[in-house]
Every structure is written in structure tokens, then in C-alpha cells.
Q: 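This is the structure I have questions about; it appears just below.
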Number of protein chains: 2
Amino acid sequence: MEPIADKKKAIFISTMELVRDKGFHGTPMSMVAKHAGVAAGTIYHYFESKEQLITELFDYAQQQVIAVVEQETCAAIPFKDCFFNLWGGLYTFYQNNQNLLRFFEQFVNSPYSAARPPLEEDKFYTLLFAFFERGIQEGLLKEVSPKILATLTHSSVLSMAKLTGSGRLHLDRKELEQILQLIWDGIAFDR
Amino acid sequence: MEPIADKKKAIFISTMELVRDKGFHGTPMSMVAKHAGVAAGTIYHYFESKEQLITELFDYAQQQVIAVVEQETCAAIPFKDCFFNLWGGLYTFYQNNQNLLRFFEQFVNSPYSAARPPLEEDKFYTLLFAFFERGIQEGLLKEVSPKILATLTHSSVLSMAKLTGSGRLHLDRKELEQILQLIWDGIAFDR
DNA sequence: TAATCCCAATTGAATGTTCATTCGGTCTGC
DNA sequence: GCAGACCGAATGAACATTCAATTGGGATTA
């Protein structure tokens, strides 16, 4: 992963912040340029179009999330521990990266994402599917499609990060553990 | 609730469909007008501005969701049954109203909704809070803030409706029950 | 070492388009 | 013949994108 040229990174970050506050509409290229401290034309040196910029930014952001998943999913430690590490880690990451979270949520619900490869080819979801597959194999999780388990768990963690990130609620570590436990209780076998 | 003038309703529905497919950007007023079979000026007879149109449409759509909640939350039937009725009902409603669902998701993640009254004053969430409050009172649910329970449950149901609505997954009635049971297992006491 | 060249990076004013909104006028039911 | 509903061409602002001109620094040459 070659380091991204400084200006390109500045454009990414500015776009993310502006889209968070003002949406895709409401974020003219001229504003991105000013905010990033570059000329309008410079953006077009790096990106073909606004659409391309948004799409590449999504990929850039998603790589960061994937990095968290890869770091926290370790086949060497017990699955249940791994579950808490992974989802606690993802929650914390989203919580600390509200820009990214808000940009993400706008993107995936927008028509930009409709033109993208389907879930099955998405590296992020592939990793999550494999993770839950392991839990099922080990007989720890209910026999529910990994796609469903991944969707439910991820949406739960995302919604909590949105809630606490917006300042409408505070969670301390203990409460977070409690919520993860609650999700675990839902998907775990036997009970 | 007085019946909405025909043209106004046509404008609402057209806006919802167009926003679903093309987003807020990508949905010019001229297109709404053509799609609804009215003149551009007519829209401005009913709405002050595009922003006003979007905002009112959100309220209009939310009332439909609230109607489902009110219909399915009945203090007379056992809480657990009520839980399955309510969330099964909401899932089915979202599933059958993809336009509304997609519009909703775009709206709540956009800056339009930032200018809105906070969760606590929102009738929809007030109803949900009360619902979960009841479950806690009756000792059936874990002692977790109703705000958290509502957020987790709603986001789970929404994400499933998005998934099946997009055609990436099919759920029959039995599988839906299984998923609701899974959510219940997570939040219910004792186990 | 200095002079020269090359080219990618950068600039920002100019362009053409798209869009929200306006408004003078028409229609329709009463 | 009045009032509200409705029309749609016209207006002006905002925007994405282009491009001719400038910069700067690393390689090449003398």
C-alpha cells in the first residue's frame, strides 16, 4: 500500500469532513478545494470526477475498517474472546472516527453505492462471513446464515457508535461489554 | 388527519421514488414535477422549497411507521407476544415499503435530519421507549436503557429489511421468526 | 558547477450546464 | 367574474469541469 501523496490525503480528509456536515449535495468541489488548501484544478489532477473522488474515498475509508477487522480476528484465540475483541474494536474505531462513520452511512445509502460490487465480493463482508462461519463450525453459534449474523451484529454496533458519537448517550467500558454480551446472547447456541 | 390533496400526495410519492433511485442530489424539482405529472410551479404552491418538501415528506412517511407501531403495541396482550407482533409488523412494513425505507435511510443520515428535533421529542422513539420500558417493568427484559434496546432492535430489523428488500436474501416466515427470536434471546432476562 | 531542459504538480479564471425558484398568465368550479 | 389551483417559460445563481499558464525540482549536458 504505497503512501498516498499529501495533497491527495488532504482532499480525502476534507471531503470526508465536509460530507459529514453538509452531505454530498452541499459539498461543492470548490469547497473541498478551499478546505484542503489546494486549487480546484488540483483535485482533477488526482480524480477524474466528483463521483470518482467519492468512490475512491469510500475504498480508502473501507481499507481502514478492514485493517481493524484483520487485526482483531485471530484464529489462535478462542472464538468468544475473538468476538468481543472484534466487535469491541470495531465499535471503538467507529466511535473514534465519526467522520468516517458518517461518511460511510451516507455513502452506503446513496445511489453511489448501488453501482458497486455486490456484498459477496466485498472484502469486508467476506472477512465477516468467514468469522461467523468459524463460530458456527465450532458449534458456538446458532445455525443461522453468516450473512444474517454479520448484518445483525454489524448494524447493532454501527447504531450504537452512531448514538454515542452524536452525544445523545454515553457508554463506559462496562456498559459496552454488557451490550456486546447481549448481542452474543442472541446469536450464541444453547443458552 | 385530513386527507392530503391528490397532487400533494403524487408529489410525495414521486419524490420518494426518485430519491430512492437517485438520491437527494440527482433529484431535481423539474424531475419530481414531470414524474408526478404536475408543473414545476405547482410544487411551490404546496411547498416553500425543496428542503421543506423533503422534510414534510419525512414526517408524512414517519406517520405511516408510527401507525404500525400504534397498531401493534397493545398493553392487553403478553409482552413477549407483543414483541413479536411489533417487530414482525415493522419488518413486514419496511419490507413492503422499500421506497419509504430507502428514503428514510438517506434522510436520517443526511444533514436534513440534523436540523430536526432530538430523539427524545420524536414520537416514534417515545413509543418505542415506552414499549421497552414495559418489558423491563415486567421483569422480562435485561435492565438496559430503553434507548439502547430500541436502537439495537430497530437497527436489526431495519438492516434485515434492507437486506431482503435489495434482493440479496430471501426470508420466509419461519426464518423471520427465528431472527426475531434471536433478538429476543439477546435482550430477554434470565435465559 | 552552472546552465538548460523536462515534465509532473499546481493554479484559478473561464465555460457551459443544471437547477431551484419566480411570476405573469390561464383555467375551473362556484 | 372571483379565487384558488395550476401552468411552464424565464431568471439568475451555483456548480462541475476545463485549460492555458506557471512553478519547481530533478535529470542531463557543457
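Remember, it's a predicted structure, so these values are computed and weren't measured experimentally. Quick note on labels: first sequence line is chain A, next is B, and so on, each numbered from 1.
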Q: Just say parallel, tilted or perpendicular for the rings of A:Phe58 and A:Phe103, cut-offs at 30° and 60°.
A: tilted

Q: Output yes when at least one side-chain N/O atom of B:Thr42 is less than 4.0 Å from OP1 or OP2 of D:dC7, else no.
A: yes

Q: If only side-chain N and O atoms of B:Lys7 are considered, is one of them under 4.0 Å from the OP1 or OP2 phosphate oxygen of D:dC7?
A: yes

Q: Determine the contact category for B:Tyr46: base if any of its heavy atoms lies under 4.0 Å from a base atom, sugar-phosphate if only primed atoms, P, OP1 or OP2 are that close, otherwise nothing.
A: sugar-phosphate

Q: Is any side-chain nitrogen or oxygen of B:His45 closer than 4.0 Å to OP1 or OP2 of D:dA5?
A: yes

Q: Between D:dT17, D:dC6, C:dT22, which nucleotide has the shortest distance from any of its atoms to the side chain of B:Tyr44?
A: C:dT22

Q: Can you check the B:Ile43 CD1 to C:dA20 P distance for me, whole Å?
A: 9 Å

Q: So B:Phe84 and B:Tyr91, ring-ring contact (aromatic ring centres under 6.0 Å, His included) or not? Walk me through it.
A: CA-CA 10 Å; B:Phe84 281 84; B:Tyr91 169 81; over 10 Å; no

Q: Hey, does the side chain of A:Ser155 reach the backbone of A:Leu152 with a donor-acceptor pair shorter than 3.5 angstrom?
A: yes

Q: If the plane angle is over 60° it's perpendicular, under 30° parallel, otherwise tilted; pick one for A:Phe79 and A:Trp184.
A: tilted

Q: In whole Å, I'd like the distance from the CG atom of B:Leu18 to the P atom of C:dA20.
A: 12 Å

Q: Among C:dT21, D:dA16, D:dC7, which nucleotide sits nearest the side chain of B:Ser49?
A: C:dT21

Q: On DNA chain D, does the nearest nucleotide to A:Gly41 precede the nearest nucleotide to A:Phe24 from the 5' side, or the other way round? Give the residue.
A: A:Phe24

Q: Where the side chain of B:Pro28 is concerned, which of D:dC7, C:dC19, C:dT21 is the nearest nucleotide?
A: C:dC19

Q: Any carboxylate oxygen within less than 4.0 angstrom of a Lys/Arg side-chain nitrogen, looking at A:Lys123 and A:Glu70?
A: yes

Q: Among D:dT17, C:dT21, C:dT11, which nucleotide has an atom closest to any side-chain atom of B:Lys50?
A: C:dT21

Q: Would you indicate whether B:Asp59, at its atom CG, is surrounded by more than 12 heavy atoms from other residues, nucleotides or ligands within a distance under 6.0 Å?
A: yes

Q: Would you kindly give the CG-to-C1' distance between B:Leu53 and C:dC19, to the nearest whole Å?
A: 15 Å

Q: Using 30° and 60° as the class limits, which term best fits the ring planes of B:Tyr94 and B:His154: parallel, tilted or perpendicular?
A: tilted

Q: When the C1' atoms of the five terminal pairs at each end define the local axes, what inter-axis angle does the helix from C:dT1-D:dA30 to C:dC30-D:dG1 show, to 10 degrees?
A: 10°

